[in-house]
Amino acid sequence: MAIRSRFDTHEVFNQSPPYVDIDLFASDVPLQDAVKANGAAGSAAALSIFGQEWGTAEMFALGRQANENPPKLHAFDANGFRLDRVEFHPAYHGFMHTSIAAGLHASTWTANGKRASAPAEVERAARFYMAAQVETGHLCPLTMTRAALAALAAAPELLAKIAPKVVTRDYDALFRPWWEKSGMTLGMGMTENQGGTDVRTNTTRATPDGDGYSVVGAKWFMSAPMCDAFLVLAQAPGGLTCFLMPRHRPDGSVNALRFQRLKDKLGNRSNASSEVEFAGAFAWRVGEEGHGIRTILQMVQLTRLDCAVASAGLMRMALAQAMHHCRTRSVFGKKLYDQPMMRAVLADMALEVEAAVALAFRLARALDRASGDANEAAYARLMTPVAKYWICKLAPGFVYEAMECLGGNGYVEESLLPRLYREAPVNAIWEGSGNVMCLDVLRALARPEEAALLAVLSRETKTPLDVRFDVQGEANARAAVGRLALIASAAALKESAPAAIGDAYIRSRLDRHHGQLYGAAEIDGATMQLLLQRALPE
Ligand SMILES: Cc1cc2nc3c(=O)[nH]c(=O)nc-3n(C[C@H](O)[C@H](O)[C@H](O)COP(=O)(O)OP(=O)(O)OC[C@H]3O[C@@H](n4cnc5c(N)ncnc54)[C@H](O)[C@@H]3O)c2cc1C
C-alpha cells in the first residue's frame, strides 16, 4: 500500500503502517499450536488460506463500513402497511456471504442434523476466532444458526426439514419463505422486558392452533431479526416451552412478528438487535410443553463456546495491533518494543492470549469428542461456563491496555481499537452473564463426573484448588470459578504451548496474585522473547 508521507509543511514519520494484508493464521503461533494440539493439524493449510482471505486490507475496510453504517428498521412502507424488515449495508451482506460459504454457520453439522465428526469443532473455532478479529457483528446470526440445530434435535421432524437447508453454503438474503430459499439462518428470542436471566418469568403465551401454536407477547431483545426463523420461549398450557417461529407462515404469508425498534448499542453495531411483538404469530413446538429451558439450553452451550472464542479473537487482534505498532514506533531513541517496561506489558498480554486460546480450543476439542467419551462430555459441561465467564470478562480490560500501547492513535476511530473496545463487553453480557455462568459451574459440579475433574486439573498443573465450591455459598462462586479458570487454562497451556509458557502462567497467575493490570508479572527475559515471537513472528 503506497503511503504519502511528505506534505508541504512537514513529513509524517515514526508512525506504523496499517496492520493489513496479513495471514491471520500463519502470523499466530499460539493458534497454530492450539489447532494442532486439539486434533486439527490436518486443517492447517486450509486455515491459512482462510487467514489470508480475512487478513486483507479490503476485509478490514469492509469491517469498518459494516459498523459505520448500522442496519435500519423499516417497520412500515410509505402507505402505512407493515414491512417489518431490516436493511443492512452491503458490507454486512458481504461478510454473511463469505462466512456462510466457509461454513461458520453450520460446518459442525451434517445434512441430517447430526454432529459432524472431529475435528469439526476445533476447525470451525479457528475460523470463528480469525473472523472475530475482523468483524464480529455478523457472527451473531451465524453462531445462533449453528447452535439452534442442537435444540431442534428435540423436534426430529422439523430438524429433518430444516437441517438440509441450514447446512448449505449459500447465503440467501431475500425475504421469502425459508423452504423457497437456497440457505437459511436462525435466531433466538428468550429475553423479555421483566427478565433475561430468569426466563421463567416470560409472559409470552402460546395457544395450540391447527398444526402449531399462536404466540402472543413480546421479546425485549431479539437479535438478527432478518433470520428466517427463531427459537422462542413462550408459556404453553403445559408450561414454558420452546418454539420455532418462522418469518413466513406455512401458507407463505408473512408471519405476525412486529419489530418495534432496533437497540442503539454501545458496540456490535453492524448487527441488528430488535424489540419485537408477536401478534398471534405462528410457531411449531420444539420438545415437550414445559421443557422449554431444557430444550433451549442445548443451543446455549454452543453459543457460549463461541462467545469465549470470539472474545479470545478480539484480544488477539488488539495484541497484534499493539505489537505491530510498538515494533515500528520509536521513543527516546529506541523502538517502543525494546523499551523494557513495554516489553513486560506486551509479553504479559501475550501470555494472557496464549492462555485464552489454549482454554477455548481445549473446550472445542471436548465438544468434538463429547458424544463418544464421558470424560470429554464432563469437561465440556463444566468448562463451557468457566471459559465463557473468564475469557469474556478478560477481554474489555485487555483491549483497553492494548489501546494504550498505541498511545493517542489507539483512541481514535480510524484505528481498529475503539471498535474492538466497544465490542468486547457484550460477550460477557449475553448468553448468560458473568454471575449466571458461575452459578452454572456450581450446578455442573453437583454431578460426580464434573466434580472429579477438579482433582484431575489440580494434579495436571501441580496446583492446589484452594477454594471452596459450595452450592450454598454463592457469594464465593466468582473466587472459586476464577481460580478454576486459571488452573484449567494452565492445564490447557501444558498441552498446546512450550513448557516455559505454561510455567510462566502458573508462576504469574497461580503462585502469586496477578491483579487486573498487565506488565507486573515478572516474566524472565527468555520467556518474554518466546512469548513475543510466538505472538507475532518477526
Ligand atoms: C446486544 C445484545 C443482543 C442480545 N440479543 C439477544 C437475543 O437475540 N435473544 C435473546 O433472547 N436475548 C438477547 N439479549 C439479551 C441478553 O441475553 C440478556 O440481556 C441477558 O441474558 C441478561 O438478561 P437481562 O438483561 O434481563 O438482565 P438480568 O437477568 O436482570 O441480569 C442482570 C444482572 O444480574 C445478574 N444475575 C442474574 N441472576 C443472578 C443471581 N441469581 N445471582 C447473582 N447475579 C445474578 C446477571 O449476571 C446480570 O449481570 C441480547 C443482549 C444484548 C446486549
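Counting convention: from 1, in listed order, for ligands and their atoms alike.
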Does a side chain donor of either His138 or Ser99 reach within less than 3.5 Å of an acceptor in the other side chain?
-> yes
Quick note on ligand 1: atoms under 4.0 Å from a heavy atom of Ile429 include exactly 20 (C)
Distance-only N or O hit between ligand 1 and Thr191, under 3.5 Å | yes
Kindly state if atom 44 (N) of ligand 1 has a protein heavy atom within a strict 4.0 Å cut-off, that is, under 4.0 Å?
-> yes
Within reach of ligand 1, part of Ser273 (heavy-atom separation under 4.0 Å) = side chain
For atom 3 (C) of ligand 1, state whether the nearest protein heavy atom is under 4.0 Å away.
-> yes
Modelled atom types, side-chain donor and acceptor of Asp170 and Thr168, under 3.5 Å | no
Do we get Arg316 above Tyr129's six-membered ring, with its NZ or CZ under 6.0 Å from the centre and within 45° of the axis?
-> no
Go through ligand 1 atom by atom and flag the ones less than 4.0 Å from a non-hydrogen atom of Ser433.
-> 22 (C), 46 (C), 47 (O), 48 (C), 49 (O)
Please state which part of Met222 comes within less than 4.0 Å of ligand 1, counting heavy atoms only: side chain, backbone, both or neither.
-> backbone
Does the cation-pi check pass for Arg127 over Phe50, that is, NZ or CZ under 6.0 Å from the six-membered ring centre and within 45° of its axis?
-> yes
Nearest-neighbour protein heavy atom for atom 5 (N) of ligand 1, which is reported as residue plus atom name and distance | Ser223 OG, 2.8 Å
Of the backbone atoms (N, CA, C, O) and the side-chain heavy atoms from C-beta on, which set of Asn271 has a member under 4.0 Å from an atom of ligand 1: side chain, backbone, both, or neither?
-> neither
Verify atom 8 (O) of ligand 1: protein non-hydrogen atom under 4.0 angstrom away = yes
Heavy atom of Gly187 under 4.0 Å from ligand 1?
-> no
So is Lys219 actually on top of Phe278's ring, under 6.0 Å and inside 45° of the axis?
-> no
Contact between Leu439 and ligand 1, counting heavy atoms under 4.0 Å?
-> yes
Among all protein heavy atoms, pick the one closest to atom 53 (C) of ligand 1 and tell me residue, atom and distance.
-> Phe221 CE2, 3.8 Å
Give yes or no for whether the N/O distance cutoff of 3.5 Å, strictly under, is met between Thr197 and ligand 1.
-> yes
So, is Gly196 polar-close to ligand 1, with some N/O to N/O distance under 3.5 Å?
-> yes
Those residues that, when tested against Glu289, pass salt bridge (charged side-chain N to carboxylate O under 4.0 Å, His left out) (two or more places apart) | none
State the atoms of ligand 1, each with its element, that fall below the 4.0 Å cut-off from a heavy-atom position in Met190.
-> 10 (C), 11 (O)
Just say parallel, tilted or perpendicular for the rings of Trp284 and Phe282, cut-offs at 30° and 60°.
-> perpendicular
Return a yes/no value for Glu192: is any of its N or O atoms, backbone included, closer than 3.5 angstrom to an N or O of ligand 1?
-> no
Ligand 1 N/O within reach of Gly189 N/O, cut-off under 3.5 Å = no
Does any N/O atom on Val426 come nearer than 3.5 Å to any N/O atom on ligand 1?
-> no
Taking atom types as modelled, is there a side-chain donor on Asn67 or Glu423 under 3.5 Å from an acceptor on the other?
-> no
Under 3.5 Å side-chain donor-acceptor pair for Gln235 and Asn202 | no
Tell me yes or no: between the side chains of Ser107 and Glu123, is some donor less than 3.5 Å from an acceptor?
-> no
Using protein heavy atoms only, decide if any is under 4.0 Å from atom 49 (O) of ligand 1.
-> yes
Indicate, as side chain, backbone, both or neither, the part of Lys219 found under 4.0 angstrom from ligand 1 when only non-hydrogen atoms are considered.
-> neither
